[in-house]
Every structure is written in structure tokens, then in C-alpha cells.
Number of protein chains: 2
Amino acid sequence: MSRSDEIQSAAIELFYEQGYNATSLKEIADRINLRAPSLYNHIESKQKLLQDIMFDGIDVLNSEFDEAVAQSEDIFEKIRLAAQALVRHNIRRKKQAYVNSTEIPSLEAGARDELVRRRRSYADRWVKLIESGVSAGVIVSSEPLLTTFNIIDLCAGLSRWYRPDGRWSEERLVAHYGRLTVSMLV
Amino acid sequence: MSRSDEIQSAAIELFYEQGYNATSLKEIADRINLRAPSLYNHIESKQKLLQDIMFDGIDVLNSEFDEAVAQSEDIFEKIRLAAQALVRHNIRRKKQAYVNSTEIPSLEAGARDELVRRRRSYADRWVKLIESGVSAGVIVSSEPLLTTFNIIDLCAGLSRWYRPDGRWSEERLVAHYGRLTVSMLV
DNA sequence: CCTACCGATCGGTAGG
DNA sequence: CCTACCGATCGGTAGG
């Protein structure tokens with residue numbers, strides 16, 4: 001694990017626990033036994049560190065969606081697979097996903113615009129998937145965008161309350177949300 | 001509108017836009033044409049100001065739930081009414097609800113514990129409502145708590161993306177979420 | 001409700 | 001990768 005990776009994962013943990021603005025570079029440095037100014041050998045600024053974390057998160061999410069829907073030709077199966085990919089993302093990258101959903105206001109204007117664009121790109125994937133089912137005559141949803149928001153919001157909760165030692169296993173939740181999502185569209 | 005109320009609503013707007021930690025008392029004071037130190041004639045501290053906003057939000061939400069379910073004897077109708085009350089809350093008090101869902105880590109330990117207790121109290125109302133339907137034999141949900149999380153998460157999204165001038169009116173959304181919530185339980 | 005001011009902390013730089 | 005240090009800003013107090 002490179003120093004840059006160490007910094008990034010320490011930052012994710014602290015931003016998750018305290019928020020970006022409440023976290024100092026000194027705290028990040030302390031976690032990996034460095035002095036705060038030494039961070040600047042690896043990062044450009046605190047703001048850029050946040051941007052890298054957030055862009056990485058949304059890019060991975062978009063890739064995972066594409067991989068998921070490529071695994072089947074059936075429209076409902078595609079929907080189930082896409083929902084399950086989102087669930088797994090919010091569970092396995094819980095802290096990063098939480099930071100991503102929570103720190104948009106902390107981004108500088110330019111980076112915020114770009115991030116919002118990439119998040120819209122994720123939502124567009126869902127809208128097009130649902131619309132393809134409508135065109136094919138197997139889905140009757142009259143509001144693909146609203147349904148998309150509902151699916152994303154529903155799964156977003158996981159990054160807040162999911163616990164690895166909680167009462168529901170990852171596989172239980174993947175199955176539950178997969179079923180629930182499909183049921184919203186039949 | 002009293003000075004205290006002016007301070008509180010200016011604070012809600014700024015905490016919504018920038019977050020608690022990124023907002024200075026000077027900015028709050030500027031919004032209502034005061035100097036920062038003058039705020040201390042009305043508030044105890046910045047932290048206490050946040051606490052008042054958050055406790056007020058959750059207390060109102062709990063009251064609204066109780067009022068909603070008292071309006072019908074039918075279990076599915078109670079569920080529909082409770083969901084619609086939550087939707088209206090997240091729309092009409094959008095900014096306060098957003099702050100409430102976002103600033104839990106910014107609370108001091110003691111206040112955070114108390115707030116989490118009151119949020120759990122809200123979730124308990126849902127769990128008991130669903131369980132009463134299970135006891136009566138009209139609902140088959142095997143996971144009342146998971147379903148409760150799903151309902152809350154689903155509606156929480158509104159405090160993030162709802163726009164008064166957006167493409168869905170409040171009444172359209174109230175109807176949509178009411179239907180969706182009931183459908184999760186039949 | 002104001003001005004004047006405090007100690008603390010912050011992100012970041014200089015220089016080695 | 002470190003020590004030493006900077007200017008800026010913060011929440012909050014004193015005193016009127």
C-alpha cells in the first residue's frame with residue numbers, strides 16, 4: 001500500500017467519522033504516523049484529496065453498473081443485477097459512499113459541477129435501463145426518473161446504517177434489495 | 001418573528017448550504033444584519049444552536065407521526081398516512097430535515113446520544129405499526145425493522161433533491177410515496 | 001447591541 | 001520527511 005493510498009484511506013475514515021471540515025490535516029497525518037506538512041509530498045491540497053476520493057467513488061460506481069447490466073439480456077434481470085451492484089457498493093465501500101453522499105457542499109464550485117455531472121450520468125444509466133423496458137412493453141413505469149431516485153435513495157441508506165456485524169448479512173441484503181427494486185417496476 | 005427565530009432560520013439555511021462546520025457565526029450574523037458577538041445575547045453557543053435545530057426537527061416529526069396514524073383505524077390507511085406525513089415533513093421542512101440527517105456527527109457526544117435515542121423512537125413507531133399489522137394477520141412482513149429503514153431511507157431522499165419548482169408537485173409526491181410504501185407491505 | 005480583543009487552530013510554505 | 005513558522009479565521013469574552 002503506497003503512502004498516497006495510506007493517506008487516502010485514512011482520510012476516508014476521518015471524513016466518514018467527523019466530516020471533511022471537522023477533520024484537520026494533522027489528524028490525518030497522526031493516523032499514519034506522519035507530521036502534517038509531510039502530507040504535501042503526496043497531496044496537492046486538502047481539497048484535492050477530497051476530490052480524488054469522491055471522483056474515484058462515482059467512477060467505480062458507474063463501472064460497476066455497466067458490468068452488472070452486461071451480465072444478462074433479460075430486462076428485469078438487468079435491473080436486479082444493477083440494484084445488487086449498488087447495494088454491494090454501498091456496503092463494501094460504505095465509508096467512501098457515505099462521504100460521497102455527504103460532502104458535495106464541501107467541494108469547490110468547479111469540482112462540484114463535475115461531480116454532479118458524473119452522478120447524473122449514473123442516474124441516466126438507470127433511466128435508460130427503465131425506458132428500454134418501457135419501450136419493450138414489459139414495464140409500465142410512467143416516471144423512470146422518479147423511480148430512479150427512489151432506487152438510489154433506498155440503497156443510499158445502507159451507507160449510513162449498515163454494520164458488518166449487524167443482523168443482516170451482505171447476501172441477505174443483496175437479495176432483499178434486488179427483490180424490492182424489481183417489485184417497484186412490475 | 002423573534003430575534004431567536006431569525007437566528008435559528010438563518011442558521012438552518014446556512015447549515016443546509018454549507019454544513020455546520022463550514023458555517024461561521026459571522027455568516028449567520030451577517031444574514032440578519034447583526035455582529036457576531038451580538039448573537040450571544042440570544043444563543044448559548046454555536047453547538048447549542050445546532051442542537052436546538054435538530055431536536056426541534058425530530059420532535060416535530062414524532063408528533064406528526066402520532067397525529068397521522070390517529071386519523072384512521074385501518075392498518076394500511078395508517079401506514080399510508082404515516083408515510084405521507086413523512087413526505088410532507090421532508091418537503092416542507094426540507095432544509096431542517098437535511099441538516100438533521102447530515103449533522104449527527106457534528107453533535108457533542110451527549111446530545112448525539114439523545115438525538116439518536118429520539119430517532120430510534122421514531123423508527124420504533126414504524127416497527128410497532130407494522131407489527132400490529134402482522135399480529136392482525138393482514139401483513140406478512142418478516143422484517144419490520146428492515147422495512148422501516150427502507151421507508152425512512154426512501155423518503156429521506158426528498159430532503160436532498162426535492163425542488164418546489166421541480167417537475168413533481170408536493171401532492172403528486174405525497175400520493176406516489178403513499179402508494180409505494182403500502183405496496184412494500186402487501 | 002456594539003467595538004475591541006483573546007487564545008487556539010487551521011491549511012499551507014520555507015528551507016533543509 | 002522534519003522543524004519552524006506564517007497569515008487568516010474561528011468561537012467566544014470583556015466591558016460598556
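Just so we're on the same page: letters track the sequence lines, and every chain starts at 1. Excluded from the calculations below are hydrogen atoms, water molecules and symmetry mates; all remaining heavy atoms, backbone and side chain alike, are included.
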Solution key, residues 37-44 of chain A side-chain donor-acceptor pairs under 3.5 Å, sequence neighbours excluded:
residue  : atom : partner  : partner atom : Å
Asn41(A) : ND2  : Ser38(A) : O            : 3.3

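- Atom CH2 of Trp168(A) and atom CG of Leu145(B) lie 4.0 Å apart (nearest 0.5 Å).
- Taken from CD1 in Ile75(A) to CZ in Arg80(A), the straight-line distance is 13.5 Å, to the nearest 0.5 Å.
- Atom CG of Leu50(B) is separated from atom C1' of dC10(D) by 17 Å (rounded to the nearest Å).
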Side chains of residues 10-20 of chain B: which donor-acceptor partners sit under 3.5 Å, not counting sequence neighbours?
residue  : atom : partner  : partner atom : Å
Glu13(B) : OE1  : Arg31(B) : NH1          : 3.3
Glu13(B) : OE2  : Lys95(B) : NZ           : 3.4
Tyr16(B) : OH   : Lys94(B) : NZ           : 3.0
Glu17(B) : OE1  : Arg31(B) : NH2          : 3.0
Gln18(B) : OE1  : Thr23(B) : OG1          : 3.2
Gln18(B) : NE2  : Glu27(B) : OE2          : 3.4
Tyr20(B) : OH   : Gln47(B) : N            : 3.2

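- You'll find the side chain of Glu114(B) stays beyond 4.5 Å of the side chain of Arg119(B), heavy atoms only.
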Would you list the protein and nucleotides 12-16 of chain C atom pairs, both N or O, that sit under 3.5 Å from each other?
residue : atom : partner  : partner atom : Å
dG12(C) : OP2  : Tyr40(A) : OH           : 2.3
dG12(C) : OP2  : Lys46(A) : N            : 2.9
dG12(C) : O5'  : Tyr40(A) : OH           : 2.8

Problem - Strand DNA chain C in bracket notation, Watson-Crick/G-U under 3.5 Å with | for pairs to another chain - result: ||||||||||||||||
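- Hydrophobic clustering (ILVMFWY, side-chain heavy atoms < 4.5 Å, transitive): Leu107(A) and Ile53(A) are in one cluster.
- Legend: residues meeting salt bridge (charged side-chain N to carboxylate O under 4.0 Å, His left out) with Arg172(B), ordered by chain and number and at least two apart, are Glu143(A).
- In this model, the phosphate group of dA4(C) is not approached by any side-chain N or O of Arg35(B) to a distance below 4.0 Å at OP1 or OP2.
- Donor-acceptor pairing under 3.5 Å is recorded for the side chains of Tyr177(A) and Asn150(B).
- From Gln84(A), atom CD reaches atom CZ of Arg179(A) across 9.5 Å, with rounding to the nearest 0.5 Å.
- Within the model, atoms CG of Asn21(B) and OG of Ser106(A) stand 9.0 Å from one another, a figure rounded to the nearest 0.5 Å.
- The stretch residues 6-24 of chain A does not touch DNA chain D, since none of its heavy atoms comes less than 4.0 Å from the strand.
- Leu39(B) places its CG atom 13 Å from the P atom of dC10(D), with the value rounded to the nearest Å.
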